Amino acid sequence: MPVQLLKIMKEQSETPLPSHLQKEDLKDLQEGSDHTNKYIQGIVVLSYPLTKLGDGTDFFKIVLQGLDDSCSRINSINILIYGKMAEDCAKVIRHGDTFIVAGYKVIKSPTAREDGRHGCHLEVSEEDGSAIYCLQFCNQIYTKPRTATASETAFVSIAPKYVYTPLNQLKDGTIVNLYGVVKFFKPPYVSKGTDYCSVVTLVDPSNVKLTCTLFNGNPDSLPKIYKVGDIVRFHRIKIREYNGQMQGITSGGFASLTFDGTVGAPVVPRTSSKVYTFMDEEHKTIEELRVWAASNISISGPAAKLSSVQPMLFFDLTCQLVGKAKVDGSSFLLKVWDGTKCPYPTWRVPVEAKDLEGERVLLHQLRNLMVDILVYDNHVQLAKSLKIGSFLRIYSIHAKQASADNENVSHIEFHLHGGTCYGRGIGVLPENNSDVKELKTFLESVDLADSQNMESMSSVELDGTFSDFTDLESHLQRCQQLPVTVLTDHQDLNNTELKTIMNSTAPQQYRIRAKLRTYKPQKLHQSVKLHCSKCNSLQEVPDGDVFDFILQRSAITDPNPELHNTSWYDSVMWTTQDQKQRKIAIHFVRHDEMLRQPEDTLLMIEGGTLKEVWKLTKRFKCVIPVRSTEVDLELLDLSAPFLLQGNVKYYGYGCLQLF
DNA sequence: TTAGGTTTCG
C-alpha cells in the first residue's frame, strides 16, 4: 500500500515536511537549475483522467496554481505524474487540495503557448525519487477517518511505503530496500569504466553480511560513509548472486541515506537525494541498529593521529590539506596536518616550488607538523581535485620505514599505494562532520610558536636519538609483537564450539575460539615443497641433516683422478688427517680460460661435509656438490641443492622414479 | 561497463 495517511491534525494548516526541503517559487522555476532539496507548493485547480501511455505506464496530469501571486500569468503549471505514483495520486487528489511535490524534473513545456501556463512542466515518478504531500480537508478524503470532523485536516503522503528486507532474506534477482551497519567500505573512487565506484559491506542483526558494489557518475550520489559503524539505508538496490553469495548492486533509482552509528548522536541523514522520506519509524530503526552495532561490531578501525603513527603499519588519518603538488605521472603529493607531531623523522618529497600549491606562509608555519603523503595511480585524479584547506580522511596510509642511501638515519615515509584493497582511498569530510568539528577546535588550539620551536628538537632527533637504528628498531620489534588475541574482523559471527562444527555439513562460516595444540608446518621452510613436474609428486625441501646425509653417501665413492684438470677446470685433491682418511676434491671452473678471484669463482666439490660446503659458499661465488663416476662428474641426488650461492640454494628436484 | 573487500613493492 503506497499511500500513507500520516497524521490527522485538528485545525492544522502547516504541513509537517522534512526540514531539509526549501520552497521554490514558480516564478523562479527554470530548466537546468538545481532543484535538490526544493519543493513546489500549490492548489490543485484541474486534474485529467488517469490514462495509460503507449508502453503501459500509468499517466496522470494535474494543474497546480501557485500561492505566491495569483495574478501572475505563469502562476499555474502542469504536473505530469508517471507510473505507480500516477495511480495513487488519481485515487487521492481532489480539486482544492494543497499539493506539495519534491524530487521533480523541470522540463520545457511543449504546450505553454497553447495553455498559457508556466514555460516548464514538472515530471514526477517513483524512479526519480519524487515525493508528493497533500493537505486536504478530511471530508474530502476518499477513505474517511473514523474520528474525523469537517474542521480537521489530513496530511497525506504519496510516497511509496517502503518495506525493508533483512539481509538473511535476500533473493537473487530482486530489487529491495534495506538497512545495514557498515562493516567495511571503499570510499568512492574512479572506476575503470565511466563511473565512480564504492564497495560497501553491511551486516544487520540477522548476522548476515552483504557486499554491495555501487556505481554512479557523480561520487556525491554514492553513500556518504565516513567510518566503519555508520548506518545506511538503501532504496532500490538490486540483489544478485555472485560466487555463491548474495551481492548488492546499484539499479535505476538507487538512493541511500547514511547516519552516524554512534549511540546518542543526532539522527541526521547524509544524502544527496533530491528528497527522501524519513519518519519516526525510520528514526527508531536507526536507534535500534546503533544499539545492536555497539555490542556486535568492532568499530575501532586503524585510525590514528600523527603522534601515534607506528612504523610499518597502515592507518586512517583525519587531517587538513595544507599543500599539494604534482610529482610525476603516477604519483601526487599531499601535505597535511592534524595538529600533532609525528615522533619519528618523516620524509620530505622533493618538488619544484612552482608545482606546490598552498599558502606559502602557512606551509612555512606548519613545516614541523605537516607530513608529506605520496598518493599513487588511481588516487592521483582525486588528489588533484582536492581543495587546499579541506578536511580529509585518508584511508590505509602505509607508514613505511626507509633510509636514504646517503643517510644512516631511518625515517618514515607515508604512501597511499595504488589500488583500493582494504578500503585504501581518500574521502573529503564536510565541515559539519563531528570529527572535523573536533579536529578544527584542536587545530585552533595548537600553538604554532611551540611547533616552530620543535625545529631544534627535530634536529636533535636526527642527530641524536635516531642517529643509530636502535630506538626505531626496538620500537619496530614491539610493533611486531601484536598479541594474537586481538581479532578485529568477523565480529559479526559468534564463537562456535569445535564439536558443533565437526557435526555440521560444509560449506559454512564459523568463528572459533580455541587453544592451539599443534600446527603445520613446524618449520617455515616446510611450507615450500619440491615438485616433480613429470609425475607431480611433492617432497620436503631437505633440511641440513638430510643434505649432510646425501653428502656423506656420495663421499663413499672416492674422486676419480682421471677426471681432474680438464680444459675448463683446475682440480686439487687432498686426504683428511682424521681417522676416516676422507678424500676431498675441488674443481675450480675457469672463465674465458682464466681463473678468477674467489668471490667470482664457481667451484665443484667432491667428498665435502655439510660444514665444509657451507664454508666454501661464504668465500666463493657458487658451489656445486658433485661425485665421480667412471666417465664423468655428476650431480648428487636431485633432492639436494645442485647449486649453492651464498645463502641461496637451487633445487632441481626430479622424483626418485626417474633414477 | 565499471567491481565483485583481504594492503605496495614507487
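Letters A, B, ... mirror the listed sequences (proteins, then strands); counts begin at 1. Model, not experiment: these values are computed from the prediction.
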Among B:dT7, B:dG10, B:dT2, which nucleotide sits nearest the side chain of A:Cys421?
-> B:dT7

Counting heavy atoms from C-beta on, name the nucleotide in B:dG4, B:dT7, B:dG10 closest to the side chain of A:Asp377.
-> B:dG10

Ring-on-base stacking B:dT6 with A:Tyr422 (under 5.5 Å, under 30°) | no

Value in whole Å for how far the P atom of B:dT2 lies from CD of A:Gln381 = 18 Å

On DNA chain B, check which nucleotide each of A:Thr211 and A:Thr194 is closest to and give me the residue with the more 5' one.
-> A:Thr194

Phosphate OP1/OP2 of B:dT7 contacted by A:Lys400 side-chain N/O (<4.0 Å) | no

Decide, applying a 5.5 Å centre-distance limit and a 30° plane-angle limit (both strict), whether A:Phe215 stacks on B:dA3.
-> no

Would you kindly say whether A:Thr201 and A:Thr211 are connected by a side-chain donor-acceptor distance under 3.5 Å?
-> yes

Residue list, ring pair (Phe, Tyr, Trp, His ring centres under 6.0 Å) with A:Trp347, at least two apart or on another chain = A:His415

Sugar-phosphate, base or nothing in reach of A:Gly419, heavy atoms under 4.0 Å = nothing

Spacing between A:Tyr242 atom OH and B:dG5 atom C1', to the nearest angstrom | 12 Å

Just call it for A:His398: base, sugar-phosphate, or nothing, with non-hydrogen atoms closer than 4.0 Å on any strand.
-> base

Select base, sugar-phosphate, or nothing to describe what A:Asn243 touches, counting heavy atoms under 4.0 Å on all strands.
-> nothing

Remember a base hit wins even if backbone is also touched, and classify A:Ile249 as base, sugar-phosphate or nothing at under 4.0 Å, heavy atoms.
-> base

Does the side chain of A:Phe254 come within less than 4.5 Å of A:His235's, by heavy atoms?
-> no

Side chain of A:His417 only, please: which of B:dT8, B:dG5, B:dT2 is the nearest?
-> B:dT8

Go through the side-chain N and O atoms of A:Lys186 and A:Thr420 and say whether any donor and acceptor fall under 3.5 Å apart.
-> yes

NZ of A:Lys183 versus C1' of B:dG4: gap in Å, rounded?
-> 17 Å

Regarding B:dT6, purine or pyrimidine glycosidic angle vs 90° from 0 gives syn

If you find the nucleotide of DNA chain B closest to A:Ser331 and the one closest to A:Val199, which residue's nucleotide is nearer the 5' end?
-> A:Val199

A:Tyr395 has an atom OH; how far is it from atom C1' of B:dT6, in whole Å?
-> 18 Å

Does any donor-acceptor pair link the side chain of A:Thr201 with the base of B:dG5 at a separation under 3.5 Å?
-> yes

A:Asp195 CG to B:dG4 P, straight-line distance once rounded to whole Å = 14 Å

Have a look at A:Tyr189 and say if it touches a base, only the backbone sugar-phosphate, or nothing, with a 4.0 Å heavy-atom cut-off.
-> sugar-phosphate

Let me know the distance between CD of A:Glu413 and C1' of B:dC9, rounded to the nearest Å.
-> 12 Å

Where the side chain of A:Arg424 is concerned, which of B:dG5, B:dT7, B:dG10 is the nearest nucleotide?
-> B:dT7

Whole-Å distance between B:dT8 P and A:Phe314 CZ?
-> 7 Å

Quick one: is A:Lys209 getting a side-chain N or O under 4.0 Å of the B:dG5 phosphate, OP1 or OP2?
-> no

Using atom CE of A:Met312 as one end and atom C1' of B:dT7 as the other, report the distance to the nearest whole Å.
-> 13 Å

State plainly whether the residues A:Arg348 and A:Asp372 are in salt-bridge range, i.e. N to O under 4.0 Å.
-> yes

Report the residues that fulfil ring pair (Phe, Tyr, Trp, His ring centres under 6.0 Å) with A:Tyr189, sequence neighbours left out, ordered by chain and then residue number.
-> none

What nucleic acid atoms does A:Ser396 come within less than 4.0 Å of, heavy atoms only: base, sugar-phosphate, or nothing?
-> base

